[in-house]
Structure formats: C-alpha cells, structure tokens
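Starting off with a structure, shown below.
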Amino acid sequence: MIERRIVRRYATALFSAATKAGVVDGVESDLGLVSYTLESSRGLVDAMKSPLVPASTKREILKSIFGDKVDPITLSYLYLLVDKRREEGMLQTEEEYILLANEARGMVSADVTTAVELDKEQETLIKAKLSKMTGKTVEIVKIIDSRIMGGVLVKIGDRVIDGSVRGQLAALRETLLS
C-alpha cells in the first residue's frame with residue numbers, strides 16, 4: 001500500500017489538470033468507475049500489481065477497459081501510475097481526489113460520533129455550529145459508538161473535537177494524576 005501523502009501528491013496533480021481542463025466532476029466520476037471496476041475484479045487488481053506484467057501490457061489492459069469510458073486526463077493518469085510503478089494508487093486516488101474537489105467546492109466532511117442516534121434537530125444544530133467554525137459547508141457522517149458514553153466526538157480531517165463523556169473523564173484523570 002502506498003503512503004497516503006504520496007497518493008495525495010498524485011491526486012493533487014490530477015486535480016490540477018482536471019481543473020485546468022474544466023472536467024473536475026467528470027474525473028471524479030471516472031475515478032469512481034475505476035475503483036468500482038478494480039474492486040469488482042480481483043484478477044485485474046492482481047494484474048495491475050504484478051511486477052511480472054510489463055507496463056505496456058498494463059497500459060493496453062487499461063485502454064481496453066477504460067479507453068472509451070473515461071476522460072483522456074483520467075486515462076493518462078492511470079498510465080502515469082503504471083509508468084511510475086504506483087499501480088496500487090489506482091484504488092486510493094478516488095478518496096483523496098474527492099477530498100480535494102470538496103475542499104475546492106467549500107465542502108468538508110465531518111465524522112460525528114455519538115453514543116446514541118442523533119435526531120434531526122441535533123444534527124442540524126451540529127451542522128450549523130461546524131459550518132460556522134470551519135467557514136465551509138459541512139457534510140456529516142454519523143457514527144454510533146456506545147463506548148464514548150455520551151456527548152459527541154467530531155473529526156474533521158486531522159482535527160478532533162472531543163466533547164465526549166469518555167474524553168472528559170480521561171482529561172480529568174490526567175489532571176488528577178499530574
């Protein structure tokens with residue numbers, strides 16, 4: 001598996017090229033198709049990862065599968081991954097690309113973990129507060145985890161806001177022990 005920072009660098013280059021060509025949404029859709037196709041075919045993934053399959057054969061395979069279904073920028077990107085021996089990045093690029101595209105659209109995804117299901121009013125309130133805090137439109141991914149005991153744990157990118165009972169108890173414990 002390729003390190004995330006490397007995949008992000010490739011995805012950033014792809015996003016830049018797609019932006020210049022005005023095909024950001026199309027490339028995002030293409031990457032979804034590529035991921036779906038690869039996840040559906042173990043043999044295709046094995047062929048792409050195999051060091052025994054020459055790059056020229058991999059390029060022909062990609063051209064035969066995606067040649068008339070994806071934007072030329074997407075196909076060129078897949079060829080680049082093959083040429084640089086970064087084929088594993090094909091499955092990882094979609095997630096990074098979507099993050100970049102959403103960031104450009106002024107959107108951000110927040111993982112919101114609670115002990116119980118949020119009602120619509122609570123969800124709306126959390127969205128509004130997070131939007132105000134980030135200055136972006138927030139899309140919430142709800143996660144239920146009874147281990148947090150109560151409260152809410154929010155993760156936006158690398159930033160964590162721990163308002164959970166479990167987190168507060170851990171902080172209190174640290175304070176008392178120090």
Side-chain angles (χ1 to χ4, degrees), residues 1-114 130 134-145 147-148 153-162 167:
M1 188 152 224
I2 300 174
E3 289 182 43
R4 184 175 178 174
R5 66 180 176 82
I6 294 171
V7 174
R8 184 157 181 96
R9 201 175 313 143
Y10 279 91
T12 301
L14 175 61
F15 181 75
S16 176
T19 301
K20 287 177 187 168
V23 292
V24 171
D25 293 340
V27 170
E28 185 175 343
S29 178
D30 292 348
L31 291 174
L33 174 66
V34 170
S35 293
Y36 176 77
T37 304
L38 288 169
E39 289 168 358
S40 300
S41 174
R42 188 78 224 147
L44 179 58
V45 171
D46 291 343
M48 288 297 122
K49 287 183 177 180
S50 175
L52 301 176
V53 178
S56 59
T57 303
K58 291 178 184 180
R59 289 171 69 107
E60 284 301 315
I61 291 169
L62 291 170
K63 184 177 181 182
S64 68
I65 295 172
F66 301 114
D68 59 345
K69 293 179 182 78
V70 300
D71 191 278
I73 289 174
T74 307
L75 193 59
S76 294
Y77 175 75
L78 297 176
Y79 290 165
L80 174 70
L81 291 177
V82 167
D83 294 342
K84 298 292 184 179
R85 314 279 312 151
R86 301 277 191 195
E87 296 89 344
E88 289 181 54
M90 289 180 195
L91 281 170
Q92 298 169 273
T93 302
E94 181 186 18
E95 181 181 350
E96 291 298 326
Y97 186 91
I98 289 172
L99 290 173
L100 292 167
N102 284 343
E103 187 176 308
R105 294 176 186 125
M107 296 171 57
V108 67
S109 179
D111 292 339
V112 177
T113 305
T114 56
L130 292 175
T134 61
K136 298 183 180 201
T137 304
V138 176
E139 185 64 37
I140 290 180
V141 177
K142 296 181 280 186
I143 302 166
I144 307 293
D145 185 354
R147 293 178 296 173
I148 70 166
L153 178 68
V154 178
K155 184 176 183 217
I156 302 173
D158 295 336
R159 187 174 180 186
V160 176
I161 303 164
D162 192 350

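Atom set for the values below is all heavy atoms of this structure, side chains included, hydrogens, waters and symmetry mates excluded.
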Q: Using salt bridge (charged side-chain N to carboxylate O under 4.0 Å, His left out) as the criterion, list what pairs up with Asp162, not counting sequence neighbours.
A: none

Q. Are any side-chain N or O atoms of Thr37 and backbone N or O atoms of Leu33, one a donor and one an acceptor, separated by less than 3.5 Å?
A. yes

Q | Cationic N near anionic O, under 4.0 Å, Glu96 to Arg8 | A | yes

Q: Run the numbers on Leu81 and Arg86 for side-chain contact (heavy atoms from CB on, under 4.5 Å), then give the verdict.
A: CA-CA 5 Å; Leu81 291 177; Arg86 301 277 191 195; 3.9 Å; yes

Q.
One thing to verify: whether Glu28 and Arg105 come together as a salt bridge, which I'm taking to mean a side-chain N less than 4.0 angstrom from a carboxylate O.
A. yes

Q: Please identify each residue that fulfils ring-ring contact (aromatic ring centres under 6.0 Å, His included) with Phe15, with sequence neighbours left out.
A: Tyr97

Q: Please assess Leu62 against Tyr79 for the test side-chain contact (heavy atoms from CB on, under 4.5 Å), listing each intermediate value before the final yes or no.
A: CA-CA 8 Å; Leu62 291 170; Tyr79 290 165; 4.2 Å; yes

Q: Compare every heavy atom of Glu39 with every heavy atom of Leu91, then report the nearest pair and how far apart it is.
A: CD2-CG, 3.8 Å

Q) Are the side chain of Ser76 and the backbone N or O of Pro72 linked by a donor-acceptor pair below 3.5 Å? A) yes

Q.
I need the Ile148 CD1 to Thr113 OG1 distance, nearest 0.5 Å.
A. 6.0 Å

**Q.** Leu38 versus Val45, closest heavy-atom pair with distance
**A.** O-CG2, 3.1 Å

**Q.** Shortest non-hydrogen contact from Val154 toward Val112
**A.** CG2-CG2, 4.4 Å

(Q) Quick check for you: to the nearest 0.5 Å, what is the distance between Leu153 atom CG and Ile161 atom CD1? (A) 9.0 Å

Q: Verify side-chain contact (heavy atoms from CB on, under 4.5 Å) between Lys136 and Asn102, making sure each step is shown before the conclusion.
A: CA-CA 10 Å; Lys136 298 183 180 201; Asn102 284 343; over 6 Å; no

Q: Not counting sequence neighbours, which residues clear salt bridge (charged side-chain N to carboxylate O under 4.0 Å, His left out) with Lys155? List them please.
A: none

Q.
Tell me the closest heavy-atom pair linking Phe66 and Leu78, and the distance in Å.
A. CD1-CD1, 4.0 Å

Q: Would you check if Thr137 and Met107 make a side-chain contact, meaning some heavy-atom pair closer than 4.5 Å?
A: yes

Q: Could you walk me through whether Leu14 and Leu80 pass the side-chain contact (heavy atoms from CB on, under 4.5 Å) test, one step at a time?
A: CA-CA 10 Å; Leu14 175 61; Leu80 174 70; over 6 Å; no

(Q) Quick one, Glu87 and Ser50 - any side-chain contact, counting heavy atoms below 4.5 Å? (A) no

Q. What pair of heavy atoms forms the shortest contact from Ile73 to Ala17, and how long is it?
A. CD1-O, 3.8 Å

Q. If we only count heavy atoms from C-beta on, is the Leu44 to Ile65 side-chain gap below 4.5 Å?
A. yes

Q: Using modelled atom types only, decide if a donor and an acceptor are shared between the side chain of Thr93 and the backbone of Gly89 within a distance under 3.5 Å.
A: yes

Q) Applying the side-chain contact (heavy atoms from CB on, under 4.5 Å) test to Val7, which of Gln92, Glu95, Met90 qualifies? A) Gln92

**Q.** Heavy-atom pair of closest approach, residues Asp71 and Asp30
**A.** N-OD2, 2.8 Å

Q. So, Lys63 side chain and Leu75 main chain: donor-acceptor pair closer than 3.5 Å or not?
A. no

